Protein chains: 2
Amino acid sequence: MTSMTYRIGDFSQVTRLTVKTLHYYHEIGLLVPSAVEPSGYRWYDEASVARAQAIQTLKSLEFPLDEIRELLAHAQDDHDLVEAAQRRLAEVDRRLAQERAVRNLLLTLIHTEGTAMKQETTSAAWVTLDPVRVASLRYRGRYDQIGAYYSRLFRLYGRFVAGAPLALYHDPEFRDADADIEACLVLRPEGTIPEKDGAQIKVLPSQRVAQVVHQGGYDRIGEAYQRVFDFLRAEGATATTPSREVYVKGPGMILPRSTKKFVTLVQIPVN
Amino acid sequence: MTSMTYRIGDFSQVTRLTVKTLHYYHEIGLLVPSAVEPSGYRWYDEASVARAQAIQTLKSLEFPLDEIRELLAHAQDDHDLVEAAQRRLAEVDRRLAQERAVRNLLLTLIHTEGTAMKQETTSAAWVTLDPVRVASLRYRGRYDQIGAYYSRLFRLYGRFVAGAPLALYHDPEFRDADADIEACLVLRPEGTIPEKDGAQIKVLPSQRVAQVVHQGGYDRIGEAYQRVFDFLRAEGATATTPSREVYVKGPGMILPRSTKKFVTLVQIPVN
DNA sequence: CCTCAACCCTCCCCCCACCGGAGAGTCAAA
DNA sequence: TTTGACTCTCCGGTGGGGGGAGGGTTGAGG
């Protein structure tokens, strides 16, 4: 029956709790020394070691200290901790879901913005587009409804994004209402990505297009179309469908941005 | 060019930030009102709304406020946030791993202790055991090495536990060294559970056994064996193998417990 | 018995992101 | 002018300790 006692420094080494922490635990009555000398020196014994052990395990399970105190006061047996553990589990599950949501948002941001395209040309020119894999949602309606479709695509596939979002216009002429529009998110080419919630995954084929860069808000995109069709006529080429608009810089997820800084590519395919 | 301004209460409603929070953000220079009257009344404008929006998004990504301030001061574009987002992602991933570890520990505790057995008999008696599914590790050596095997089993299968751990002794007579011992964890019967890391999953068959309950430390388990063998002789039955020891109450994961409260079942099977 | 290093004590302020309340001032409508 | 709704500043508190100042205690060596 050896009854080992420790002064606070040694006890701190044994339990791997700092002296400051032990002072604090004493103050809040969580771990009271077995004896306190008139000088104020604290002494701890073997039972304190066992209690400290239990406290640390419970702390690693993220119980707050006052709950740990209650638990240790009323529980004789690990069995008595089950109810509390279940409450804690519910809490941890909530936090886990939260962290996962944060993680998804971060991944979406990183993948969306991590792949900036540099685009300096401002006059119309011939460009050969590489094939790209996209997730798309096609609808009939007006252009200004496209935001909702992008939101859906971002929620579903934001984490796989590998380029600026684009839209395909399948009508051979301009329509205000009842247009045939396809919202696309460019995805990274490798890995399998499942189709979900009505969205389609497909590869847009390589194509030769006439392209013009538009800077500024969407309300003046008409000028860009004028320039590119002028160019086509000068080159003697005939437009086909679908035409593309690539939203190189748009509203963004976080920082406010003036529409003056928006950059859009208008791409019209030929033969 | 309408320039809408809000007093703090309205701005609070628009941004869903409390007035207290807005005071605080003003104090730390994170979100400064567009104007402050001599009376001290704060006025916010549309730019403040956009900034508040960005702050909230960044806050939902768990950036600390002073980092948000730096970010907003130096970033023109979402693209400039990517590096910070990657740092944050690493942090979130660490926390996620941590939370998952906590969750596993909680599940193990719940499943281990959630299935307490009530066992009151103390004299030897006949008992028919139901079949049980177990995860087991069989080894040759000494009894006091069994703890390490249970640790491994708990790490692998703690979350599926549905009863007290038990040991099987395959030797027909007592051996000190080089004994043939099998450490078993009782698992819940439903669901498939994979074999991992050398452990075996199997079902112990139903069996008729002579059983005695032992209370106290393992150093006096010999008395229990004496009682049960006396009982067998009195009944005229012959022991076979393997015999079982069920550790109904042992050291536990968290709370310290005196060995006086340990409860072990000794079960000797007959043909 | 003295000295010295190591150890220990209490007391106070600090961290983060606010919340609550007291007591006083301000603004617009009735 | 009164009322009532807003708003202000200031102070103190949260949880789980950390950092450091300023001073007391202990035990071993000389």
Side-chain angles (χ1 to χ4, degrees), chain A residues 5-45 48 51-52 54-72 84 87-88 91-92 95 98 102, chain B residues 5-45 48 51-52 54-72 88 91-92 95 98 102:
Chain A
T5 60
Y6 308 89
R7 35 162 63 186
I8 200 168
D10 299 336
F11 189 70
S12 154
Q13 299 237 295
V14 170
T15 59
R16 326 236 4 118
L17 292 166
T18 68
V19 172
K20 281 291 188 188
T21 302
L22 291 170
H23 285 167
Y24 181 62
Y25 286 0
H26 185 185
E27 187 187 332
I28 65 171
L30 175 60
L31 181 55
V32 178
S34 55
V36 180
E37 287 186 14
S39 67
Y41 276 38
R42 297 167 174 85
W43 291 91
Y44 295 88
D45 61 10
S48 309
R51 188 175 170 96
I55 289 171
Q56 286 185 286
T57 309
L58 257 7
K59 198 153 72 81
S60 81
L61 297 178
E62 301 180 5
F63 285 96
L65 296 189
D66 52 356
E67 193 171 349
I68 294 181
R69 190 177 40 204
E70 296 309 307
L71 250 27
L72 291 183
R87 268 183 284 120
R88 202 97 283 276
E91 182 69 17
V92 168
R95 290 243 306 267
Q98 159 94 11
V102 168
Chain B
T5 60
Y6 308 89
R7 31 158 69 185
I8 200 168
D10 299 336
F11 188 69
S12 153
Q13 298 237 296
V14 170
T15 59
R16 325 240 1 120
L17 292 166
T18 68
V19 171
K20 285 288 186 188
T21 301
L22 292 171
H23 283 168
Y24 181 62
Y25 286 0
H26 184 185
E27 188 188 332
I28 64 170
L30 175 60
L31 181 54
V32 178
S34 55
V36 181
E37 287 187 14
S39 67
Y41 274 39
R42 297 166 174 85
W43 291 91
Y44 295 88
D45 61 10
S48 310
R51 188 175 170 94
I55 289 170
Q56 285 185 289
T57 309
L58 256 8
K59 199 154 71 83
S60 82
L61 296 178
E62 301 180 4
F63 285 95
L65 297 189
D66 50 358
E67 194 172 348
I68 294 181
R69 190 177 41 204
E70 295 310 306
L71 250 28
L72 292 183
R88 200 97 284 277
E91 182 69 19
V92 168
R95 289 243 306 266
Q98 158 95 11
V102 167

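Numbered from 1 within each chain, the chains take letters A, B, ... in sequence-line order. These numbers come from a predicted model, not from an experiment.
Both the sub-6.0 Å distance and the 45° axial angle are not jointly satisfied by A:R7 relative to the ring of A:Y41.
Counting non-hydrogen atoms of other residues, nucleotides and ligands closer than 6.0 Å to CD of A:E70 gives a total above 12. Residue-environment remark: CD (A:E91) exceeds the threshold of 12 foreign heavy atoms within 6.0 Å.
Looking at the side chain of A:I8, the nearest of the listed nucleotides C:dC9, D:dT9, C:dC18 is C:dC9. Ranking D:dC8, C:dC16, C:dC9 by closeness to the A:H23 side chain, first place goes to C:dC9. If you check C:dC9, C:dC18, D:dT26 against the side chain of A:E37, the one that comes closest is D:dT26. In the set C:dC27, C:dT10, D:dC8, the nucleotide with an atom closest to the side chain of B:S39 is C:dC27.
Rounded to an integer number of Å, the gap from B:E27 CD to D:dC11 P is 12 Å. To the nearest angstrom, P of D:dG15 lies 7 Å from OH of A:Y24. The distance between atom OH of B:Y41 and atom P of D:dC6, rounded to the nearest whole Å, is 11 Å. Going from atom NE2 of B:H26 over to atom C1' of C:dA17 covers 17 Å, rounded to whole Å. One interatomic measurement links the two molecules: CD of B:E62 to P of C:dC16, which rounds to 17 Å at whole-angstrom precision. Put simply, CZ on B:R42 is 9 Å from C1' on D:dT9, counting in whole angstrom units. A:D66 has its CG atom 12 Å from the P atom of D:dG17, to the nearest Å. Atom CD in B:E67 sits roughly 15 Å away from atom C1' in C:dA17 (whole-Å rounding).
Contact of the B:I55 side chain with the B:L58 side chain is not registered, since no non-hydrogen atoms from C-beta on lie closer than 4.5 Å. Using a 4.5 Å heavy-atom cutoff, the side chains of A:T15 and A:Y44 are not in contact.
For the pair A:A54 and A:L72, the tightest heavy-atom approach, listed with the atom from each and the gap, is CB-CD2, 4.2 Å. Minimum heavy-atom separation, A:E62 to B:V102: OE2-CG2, 3.7 Å. Pairing each heavy atom of B:S60 with each of B:T57, the nearest pair is OG-O, 2.7 Å.
For the OP1/OP2 pair of D:dG16 and a distance below 4.0 Å, the side-chain nitrogens and oxygens of A:Y25 include no atom meeting the criterion.
Atom CD1 of B:I8 sits about 10.0 Å away from atom NZ of B:K20, to the nearest 0.5 Å. For the atom pair OH (A:Y25) and OG (A:S48), the distance works out to 14.0 Å, reported to the nearest 0.5 Å.
Nearest-nucleotide positions on DNA chain D place B:G9 closer to the 5' end than the other of A:R7 and B:G9. For A:K59 and B:G40, each mapped to the nucleotide of DNA chain D holding its nearest heavy atom, the one lying further toward the 5' end belongs to B:G40.
A heavy atom closer than 4.0 Å to some atom of DNA chain D occurs in A:T18, A:K20, A:T21, these being the qualifying members of residues 11-22 of chain A.
Note on the helix from C:dC1-D:dG30 to C:dA30-D:dT1: angle between the axes of the first and last five pairs equals 30°, rounded to 10 degrees.
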